[in-house]
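The figures here come from the full heavy-atom set of this structure, side chains too, leaving out hydrogens, waters and symmetry mates. Letters go in sequence order (proteins before strands), and every chain restarts at 1.
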Amino acid sequence: MKRTEITEILRQPEVGVEVKVSGWVRSFRSNRFIALYDGSSFNTLQVVVPDSYRDEKFDEEILKKIQFHACISVTGKLAESQGAGQAVELIADSIELLGECVPEEYHLQPKNMTMEYLREKAHFRMRTQTFSAVFRIRHAVAYAVHKYFNDKGYYYMHTPIVTGSDAEGAGEMFRVTTLDLDNLPRTESGEIDFKQDFFEKSTNLTVSGQLQGEIAAMALGKIYTFGPTFRAEQSFTTRHLAEFWMIEPEVAFNDIFDNMDLAEDFVKYLIRHILDNYPDDLAFLDKRIKDEEKNMKQDDRRPMGLADMLRFVVDNDFERITYTEAVDILRNSNTYKKGKFKFDVQWGKDLQSEHERYLVEKHFQKPVFVRDYPKAIKAFYMRENDGTEPGKETVAAMDCLFPYIGEVIGGSQREERHGKLLERLHAQGIHEEELWWYLELRKFGGCPHAGFGLGFERMVQFITGMGNIRDVIAFPRAAGQADF
RNA sequence: GCCUCCUUAGCUCAGUCGGUUAGAGCGCCGGACUGUUAAUCCGUAGGUCCUUGGUUCGAGUCCAAGAGGAGGCGCCA
């Protein structure tokens, strides 16, 4: 008999029909009720072990092995449930044990376990309600990313994972090499001879697909990338990974304002997709956060529940301010006047995360775009704004800041003027030969264009309310961590 | 890279001022249970107090070093 997925049974229950379901045991109550879970939805199907099963086909060995997270297959008829809590239940006719799960040796238990503990048991943690909900939503966000862009006529570009460019300007890189580390070939002057390496040059894992994305945008108009990204930073925070996934749209003819419009519309679409399609998973995660916050001080609790907050974000315009306005707001704040910021706020200095949190969580209480940052603190490819005061030059950069997790999006209008770009490359000590192709884009049929990078895991973190980014990726890679 | 905190039963934790035999809840195991919703009830077992060294008559408790983990900052997505 072909098996039916639990989500199908729950969606359109047909009483009296014979079905076969397979899945993992969540609980076995009263030696009679099995809560069975197969991953197809958040919910379980209640399997009832009837008297007839006991009388006629009683198999004590199998019943004893119906234990937490054991894998079984059940055939039987669907019936209206006599108990509260579910509409239908499956009256077992036969039960097959597919994989036993000996509780004495198993790592998980039907109770609250800490996130840290589960992180060490990453091969089993997806069986828990929390992680199964998180990973169903993670999938759905990824799907929504492709659907959004496809429906709007964007092309999905696969930019390279291995890069020969050393000037992407986004942090420390992982080296890629096949050279024998115990016996490195040297040039006459004693440097490592990468001519003998696999690619005959020094190569690294990509930190961004943006520069290649710009190439595509200069031909296909609207493109996006969605791929793994690698940063070899020694970051020990709840929002950094060494290997993460990033979405980078790049659009010809867009300016910084079009860029913000796109970012806001895109992010709202992603959230709406989850609100509309995963209410059960969201409700569970919502409740989970409330339980977790029960023992916290009022001040530390979230002002809104998870689903309410997501709805709020979708229903309201994001705030849009300039860096200069942000500095004014911060310097006029009581927090600043009382000297409660650890770091000073001063035009020309980058905003610290305590400043960003103040803007988002205290002042505006919603997502905020900050744009037009000082030229001196931003990357070479960002377009210099016209008409600024000397000493107060800015670039058309924008960051989108979210409550609890900070920067989710960083983007800019790109510098399309060849002369200006060359100037900025030189000012930042980057050799133009490294990026000759990037410069040529400005020489041959260039145009204004803009794009941004959205941290996929940070988005999933926001939507699921998970506190640590390591808990929204199946197998986190971070400094000092590459298990599983 | 800088700073802070944590490590006691399978899990979550308590353990007073350094003082006899280290505790609880949950889980496990055994038993009971024909309408449960993390079912409930009864009973048993379970410990290298992270490691090493030191102080002390005496260390889970104090000190030092090491290991592992978490968090804050910076960097950013």
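- Interface remark: the A/R26 side chain does not form any donor-acceptor pair with the B/rA38 base, using a distance-only criterion of under 3.5 Å.
- When each of B/rC73, B/rU36, B/rA70 is scored by its nearest atom to the side-chain atoms of A/R29, the top-ranked nucleotide is B/rU36.
- Atoms CG and CZ, on A/L118 and A/F131 in that order, are 5.5 Å from each other to the nearest 0.5 Å.
- When the nucleotides B/rA70, B/rG35, B/rC73 are ranked by their closest atom to the side chain of A/F33, B/rG35 comes out on top.
- Rounding to the nearest 0.5 Å places CD of A/E356 at 6.0 Å from CG of A/L351.
- Closest to the A/F343 side chain, of the nucleotides B/rC33, B/rA70, B/rC73, is B/rC73.
- The distance from atom OH of A/Y117 to atom C1' of B/rU8 is 16 Å, rounded to the nearest whole Å.
- Rounded to whole Å, the distance from CD1 on A/I409 to C1' on B/rC76 is 14 Å.
- Close placement of the A/W347 and A/Y323 rings is indicated, their centers lying within 6.0 Å of each other.
- Below the 3.5 angstrom threshold, one finds no donor paired with an acceptor across the side chain of A/E116 and the base of B/rG69.
- Remark: ring of A/F244 stacked against base of B/rA77; centroid gap under 5.5 Å, plane tilt under 30°.
- Checking B/rC76, B/rU36, B/rU12 against the side-chain heavy atoms of A/D350 singles out B/rC76 as nearest.
- Residue-level contact check: A/T238 touches the backbone only, with heavy atoms under 4.0 Å from sugar-phosphate atoms and none from bases.
- Contact of A/S235 with B/rC75 (side chain to base): a donor-acceptor pair of N or O atoms is detected under 3.5 Å.
- The number of heavy atoms from other shown groups lying within 6.0 Å of OH (A/Y117) is above 12.
- The listed nucleotides are B/rU36, B/rG69, B/rC75; the one nearest the side chain of A/E120 is B/rG69.
- Comparing B/rU12, B/rA39, B/rG35 by their nearest atom to the side chain of A/S27 picks out B/rA39.
- Atom-to-atom, CG of A/N43 to P of B/rA38 comes out at 13 Å; the value is rounded to the nearest Å.
- One finds no side-chain N or O of A/R32 lying less than 4.0 angstrom from the OP1 or OP2 phosphate oxygen of B/rA32.
- Nearest nucleotide to the side chain of A/H240, out of B/rC11, B/rG35, B/rA77: B/rA77.
- The interatomic distance linking A/I247 (CD1) with B/rC76 (P) rounds to 20 Å, in whole Å.
- If you measure from atom CG of A/L108 to atom C1' of B/rC28, you get 14 Å, rounded to the nearest angstrom.
- A salt bridge does not link A/K121 to A/D483: none of the charged nitrogens lies less than 4.0 Å from a carboxylate oxygen.
- Whole-Å rounding puts the A/F174 CZ to B/rC75 C1' distance at 14 Å.
- Across all strands, A/Q352 comes closer than 4.0 Å only to sugar-phosphate atoms, never to a base (heavy-atom distances).
- Taking 3.5 Å as the limit, the base of B/rC76 and the side chain of A/R458 contain a donor-acceptor pair of atoms between them.
- Here the two rings, on A/F226 and A/F149, have centers that are 6.0 Å apart or farther.
- Test A/N385, A/T324, A/T322 against A/T394 for side chain to side chain donor-acceptor pair (under 3.5 Å) and you get one pass: A/N385.
- Under 4.0 angstrom from either OP1 or OP2 of B/rC73 there lies at least one side-chain N or O belonging to A/S353.
- For A/I91 and B/rU36, the CD1 to P distance is 15 Å, given to the nearest whole Å.
- Which of B/rA38, B/rG35, B/rC11 sits closest to the side chain of A/Q46 comes down to B/rG35.
- Counting non-hydrogen atoms under 4.0 angstrom, A/N112 reaches a base of the nucleic acid.
- Nucleic acid contact class of A/E243 (heavy atoms, under 4.0 Å, all strands): none.
- In this structure, the nucleotide among B/rG10, B/rG1, B/rC75 sitting nearest to the side chain of A/K111 is B/rG10.
- The side chain of A/Q109 has B/rG27 as its nearest neighbour among B/rG69, B/rA77, B/rG27.
- A/E89 contributes a side-chain N or O that forms a donor-acceptor pair with the base of B/rG35 under 3.5 Å.
- In this model, the phosphate group of B/rU12 is approached by a side-chain N or O of A/T114 to a distance below 4.0 Å at OP1 or OP2.
- Protein atom CG of A/L401 is 12 Å distant from nucleotide atom P of B/rA77, rounded to whole Å.
- Residue A/R288 is out of contact with every strand shown, counting any heavy-atom pair closer than 4.0 Å.
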